[in-house]
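This report refers to the structure that appears directly beneath it.
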Amino acid sequence: MTTNPDNQQQSFFLNMGPQHPSTHGVLRVLLEMDGEYVRDAEPVIGYGHRMQEKLGESRTWKGFMPYSARLDYVGALPCSHGFIGLIERMTGIEAPPRAEYIRVITSELNRIASHLLWLGAFLLDLGAFTPIMYTFDDREQVLDILEDVTGSRLTYCYFRVGGVSRDIDEPFVEKTRAFIQRLRSRFKLYDDLVTGNIIFIKRVQDIVQFTPDMAMRYGVTGPILRSTGIRYDIRKNEPYSVYPEFDFEIPVGETGDCLEVYRVRLREMEQSLRIIEQALDRLPQGPVLAKTPRQLKLPQGDASFAVETARGELSYYLISDGGETPYRLKIRTPSFSNLSPLSELCRNVLLSDLVMVLGTLDLVIPEIDR
Amino acid sequence: MNKTDQLIEELSRLPAAVNRVDYRQRGYHLEVRLQAGQVPAFAGLLRQREFYLVFVSAVHVSPAIEIIYQFACFAQPCRILARSTVAADGTLPSIANIFHGANWHERETRDMFGVVFTGHPGLEPLLLPEEEADLKPLLKEEGALKPADQIRRAPDEEVQDTKPSTTAEPGAKKPNVEHRQ
Amino acid sequence: MGTTILLPPELLRMVFTAVVVIALVFLNSLILGYVERKLAGRFQLRPGPMEVGPHGILQLMADAVKLLGKQFIIPQAANSPLFRLAPLLAFVPVGASFIVVPLSQKLQVRDLDVGLVFIVAVMALNMVATLIAGWASNNKYSLFGAMRSVAQSVAYEIPLLLSLVAVVLMTHTFNMQEIVLSQDNIWHVVQQPVAFLIYFIAGMAETHRAPFDLPEAESELTAGFHTEFSGIRFSFFFLAEYTNMFFVGSIAVVLFLGGWHGPQLPFMDYSAAVWFLLKVYSLLLVMIWVRWTFPRVRFDQLLNFCWKYLTPIALVNLLVTAVVVKL
Amino acid sequence: MKQYFSLLFIGTKSLLVGLGVTFRALLSPAVTVHYPRQKIAITPNFRGHTLLVKDRSTGRHRCIACMMCERNCPSNCITVVGEKPEGATKKALTAYSLDFTRCSLCGICVECCPTQALDFSDEYELAAFSREAYHYNLLEQVEKTA
């Protein structure tokens with residue numbers, strides 16, 4: 001057992017990952033431990049690094065489209081939404097209203113799928129094996145619906161500049177409505193099985209505290225930020241697409257502990273259902289793909305586009321020199337910033353708590369590493 | 001006087017060149033141009049005004065690498081994009097002690113561009129392996145490097161007409177023949 | 001035993017019973033392993049093992065064959081003799097403790113007067129095996145598992161013993177046969193529901209079953225004390241876990257659920273074991289059910305629960321029992 | 001003290017409620033499909049690897065070897081070879097190979113094809129021992145199909 005000679009206390013280092021069941025991918029956390037207590041937790045990232053930003057520079061914007069879905073593969077559609085939105089913003093192309101509605105519906109479905117996966121995986125981190133099967137049961141329904149319209153189940157390439165690649169039909173609307181009904185009735189099951197469970201509550205309540213100040217210092221966004229009581233959601237604060245047309249709330253928590261994050265995520269699913277329902281009710285008729293020129297150059301200059309993914313703010317910043325390929329494409333991913341306060345958060349917590357916090361952060365490692 | 005106007009005034013006192021831009025075209029509200037030395041003061045100001053750090057990154061243009069900062073605010077829709085050119089010795093003051101999240105962003109920027117942030121608590125490689133610390137993959141090659149004014153949008157320029165362009169596809173996209181049979 | 005010479009029929013009975021018990025121990029792991037996986041599947045809305053044999057009943061056989069065929073890897077830095085010893089130490093004592101468990105009036109290898117004391121003593125050995133396994137692996141995660149196991153076992157043995165003592169106070173004996181016979185009219189679970197519950201919870205903790213599976217805790221410690229074990233030696237831990245479960249269930253049945261008592265059957269002296277096994281397995285099903293429902297508790301919570309809830313309640317229960325018995 | 005017992009009570013109740021949920025699951029039918037004995041219908045919109053479509057009227061593929069798909073492919077996984085036979089005015093397709101190991105199934109090739117010569121297959125059960133098994137020769141495939 002190696003001990004740290006510089007330290008007065010007898011502490012030792014523990015390598016958690018890159019292959020560890022609860023780091024959700026190839027994340028390594030270097031832990032300085034004192035018994036079972038974590039003295040310091042330093043994330044070591046980059047094992048899944050694919051140099052997406054360089055890929056963005058070496059491909060035309062059209063060629064980068066499929067890559068945008070491979071950032072956050074659990075909630076791929078909002079990521080694509082951001083990239084397509086950016087190109088549309090730069091070129092001034094507008095998608096027809098029906099396409100915008102479809103984008104919102106599919107993005108929100110994807111958000112629900114992502115939250116359901118998180119819910120199951122989070123409980124798996126806490127040692128409950130069964131909930132993940134129930135959430136997967138629900139998530140499969142979403143994936144079936146999305147597969148029907150996009151053609152794939154995980155890494156969609158569905159959004160196009162000026163619209164979407166395929167129109168939705170009546171069976172899609174029916175299936176989605178049926179899914180809304182189903183998920184609403186399932187929340188009771190999750191409440192019974194998880195939310196009220198005394199072991200679960202004792203495991204997640206008051207362990208670590210996310211604060212608004214910490215969120216500002218580290219750029220933490222998404223449900224974790226909202227759990228601290230700050231009502232910040234790109235969909236409301238810097239609305240894009242047709243989000244302003246819907247009536248929905250941004251759920252916020254109070255205390256900013258992991259139980260609040262959990263509650264915020266569950267309530268977000270309900271709000272997403274509300275958005276989908278309204279969008280289905282008001283779905284306009286018309287084309288889903290605007291006429292776009294086959295060769296489309298990006299004008300010289302820069303633009304930014306931020307979207308709210310399931311994990312927080314994802315923003316693209318593109319600089320173009322007027323050529324075929326972007327001159328620089330910066331991708332800001334939410335998990336990158338959400339993970340960075342880990343060392344500050346996890347001081348003097350137990351190893352089990354660290355696993356719980358990692359689960360709360362809802363990390364998608366390829367999105368951090370890009 | 002609303003908050004944004006106040007902010008613009010405070011920023012100009014730094015002094016920094018502040019531009020209001022069209023959000024619908026650019027995706028941000030304010031464009032700020034900074035001298036390298038003003039960066040910490042600028043970050044400190046935004047920290048007081050309760051902004052959060054979106055990202056720190058860079059772009060390689062001639063004559064020198066430009067560092068890009070983006071900030072946004074939880075309270076009001078105000079997204080700020082700030083630019084600063086690195087000093088001649090390739091360094092820039094770090095803001096990692098003001099916005100702690102900048103720690104990782106600056107480490108990443110050092111990985112990709114080799115920019116040294118002075119005052120950073122530990123500028124080790126973040127994404128790239130330590131043994132390839134000299135890789136700097138996002139630096140442009142000789143032919144691809146553009147002067148800074150070629151990546152700027154002209155002020156008040158309208159969005160370009162989206163007529164079909166007649167130019168041919170670039171030769172660079174030709175497939176690499178030896179990999180595929 | 002000294003100068004006592006066993007009579008041939010008695011010897012025959014003992015050998016027969018020993019064979020039955022050994023067969024039962026091995027068979028139990030297969031049955032319980034299958035039942036657990038099947039039930040886990042059913043709890044999770046899936047069918048469970050389906051491929052090997054009808055409804056997958058031969059799945060555990062296939063697993064055993066696979067494990068037998070696997071290489072046994074000893075990490076370079078591991079303490080080799082201890083590392084080899086640990087799996088055996090985990091399994092043999094629990095197997096041996098079945099000597100005193102009365103499956104029916106005649107199906108008991110040896111009826112010790114201090115049967116219960118023997119059982120409790122053997123139970124404590126389990127912890128040593130886990131400690132040795134974790135220590136010898138020379139892996140930090142394994143060591144965590146081992147340490148957790150020791151602390152957990154030490155803590156939970158107290159409420160476990162206190163609940164057993166409550167029954168002993170009522171029956172005035174440590175002899176397993178006599179304890180069962182004393183429940184001819186009424187099972188102790190009716191008189192001692194609190195003690196039964198405490199025993200059951202503490203027993204789950206003793207056997208490291210979820211939600212108390214902290215020494216293994218695969219989401220935290222990857223697999224805890226048996227991270228480094230592979231092949232047939234890994235399967236010994238697996239065997240030990242299921243044998244342990246069966247053992248804890250057996251004790252519960254003997255002490256609280258009237259042992260082999262049940263409706264009359266032909267050859268009651270032997271066949272009553274059916275009632276015994278039925279009771280044991282229904283208890284084990286509850287253990288499986290609990291495992292596939294709850295999240296894992298945290299380590300400090302586990303100990304808090306023991307010291308703040310189980311132990312005081314067990315003490316109060318014992319006190320009340322003592323007073324009632326005395327009156 | 002009151003809190004002590006109320007926590008004990010609430011906690012026990014919540015655990016029993018949880019057990020109830022899993023017990024109901026035990027009694028309800030499995031939701032999984034016993035693959036490969038059972039299969040679910042695959043959506044017609046599924047995107048498998050691309051295929052050259054056979055034109056019903058001519059009985060041939062529609063590819064004119066314009067190279068649009070090859071040029072637009074983000075992953076550079078398509079190679080189209082077209083030659084002008086002697087005396088002909090148009091190029092004819094002589095080889096169309098798809099390196100499916102690199103394909104990201106984005107569908108750009110299908111969309112940009114001016115003659116609708118490409119479509120997605122519904123092939124999803126893919127397994128092979130070598131990479132080369134996924135270097136598809138689409139021209140050969142389309143000519144083999146009746």
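No hydrogens, no waters, no symmetry mates; every other heavy atom, side chains included, goes into these values. A, B, ... follow the sequence lines: proteins, then strands. Residue 1 opens every chain. Remember, predicted model here, so these are calculated numbers, not experimental data.
Looking at B:His60, only its backbone comes within 4.5 Å of chain A, counting heavy atoms on both sides. Contact annotation for A:Val220: only backbone heavy atoms (N, CA, C, O) come within less than 4.5 Å of a heavy atom of chain B. Proximity to chain B (any heavy atom under 4.5 Å) is shown, for A:Leu318, by neither the backbone nor the side chain. Of the atoms belonging to A:Phe336, heavy atoms from both backbone and side chain fall under 4.5 Å from chain B. Heavy atoms closer than 4.5 Å to chain B are found in both the backbone and the side chain of A:Glu238. Both the backbone and the side chain of A:Ile45 come within less than 4.5 Å of a heavy atom of chain B. The part of B:Ala58 that comes within reach of chain A is its backbone (N, CA, C, O), which places non-hydrogen atoms under 4.5 angstrom from that chain. With a 4.5 Å cut-off on non-hydrogen atoms, A:Thr221 touches chain B through its side chain but not through its backbone. Within the 4.5 angstrom heavy-atom criterion, atoms from both the backbone and the side chain of A:Tyr327 approach chain B. Only the side chain of A:Ser337 comes within contact range of chain B, with at least one heavy atom under 4.5 Å from a heavy atom of that chain. Proximity to chain B is absent for every atom of A:Pro334, based on heavy atoms less than 4.5 angstrom apart.
With chain A as the partner, the residue from B:Val59, B:Leu126, B:Val54 showing the most heavy-atom pairs under 4.5 Å is B:Val54. Per-residue heavy-atom pair counts under 4.5 Å with chain A were compared for B:Leu128, B:Ile68, B:Asn103, and the maximum is reached by B:Ile68. Taking chain A as the reference chain and counting heavy-atom pairs below 4.5 Å, the highest number among B:Arg24, B:Glu31, B:Gln76 is found for B:Arg24. Of the listed residues (A:Gly301, A:Ala215, A:Gly85), the greatest number of heavy-atom pairs within a distance under 4.5 Å of chain B belongs to A:Gly301. Of all the listed residues (A:Tyr218, A:Tyr240, A:Phe305), the one sharing the greatest number of non-hydrogen pairs under 4.5 Å with chain B is A:Tyr218. Comparing A:Leu86, A:Ile234, A:Leu339, A:Ile368 by heavy-atom pairs within less than 4.5 Å of chain B, the highest count is held by A:Leu339. If you tally non-hydrogen atom pairs under 4.5 Å between each of A:Lys54, A:Arg370, A:Glu313 and chain B, the highest count goes to A:Glu313.
Classification of A:Arg328 and A:Asp321 as a salt-bridged pair fails, no side-chain N sitting under 4.0 Å from a carboxylate O. Between A:Arg217 and A:Asp213, at least one side-chain nitrogen of the basic residue sits less than 4.0 Å from a carboxylate oxygen of the acidic one, meeting the salt-bridge criterion. A salt bridge links B:Arg33 with B:Glu66: the distance from a Lys NZ or Arg NE/NH1/NH2 to an Asp or Glu carboxylate oxygen falls below 4.0 Å. Salt-bridge check for B:Arg83 with A:Asp302: passed, with a basic side-chain N closer than 4.0 Å to an acidic carboxylate O.
Side-chain atoms of A:Arg231 come within 3.5 Å of backbone atoms of A:Ile250 as a donor-acceptor pair (strictly under, hydrogens ignored). Not a single donor-acceptor pair under 3.5 Å links the side chain of A:Ser304 to the backbone N or O of B:Tyr28. Here the side chain of B:Asn19 pairs no donor or acceptor atom with the backbone of B:Val21 at under 3.5 angstrom. Using a distance-only test at 3.5 Å, with no hydrogens or angles considered, no donor-acceptor pair links the side chain of A:Glu57 to the main chain of A:Thr325. In this structure, the side chain of A:Lys236 engages the main chain of A:Phe248 through a donor-acceptor pair within 3.5 Å. No side-chain donor-acceptor contact under 3.5 Å links A:Arg311 to the backbone of A:Gly222. B:Gln38 places a side-chain N or O within 3.5 Å of a backbone atom of B:Gln35 that can act as its donor or acceptor partner.
Geometrically, A:Lys330 engages B:Phe55 in a cation-pi contact defined by less than 6.0 Å to the ring centre and at most 45° from the axis. With a 6.0 Å cutoff to the six-membered ring centre and a 45° limit on the axis angle, A:Arg89 counts as a cation-pi contact of B:Tyr23.
Considering only heavy atoms from C-beta on, B:Leu81 comes within 4.5 Å of B:Gln70 through its side chain.
Among the residues in residues 111-125 of chain B, those with a non-hydrogen atom closer than 4.5 angstrom to a non-hydrogen atom of chain A are B:Met112, B:Phe113.
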Take A:Ser335 and A:Leu361 through the test side chain to side chain contact (heavy atoms under 4.5 Å, CB included) and record every step on the way to the result. CA-CA 8 Å; A:Ser335 294; A:Leu361 293 175; over 6 Å; no

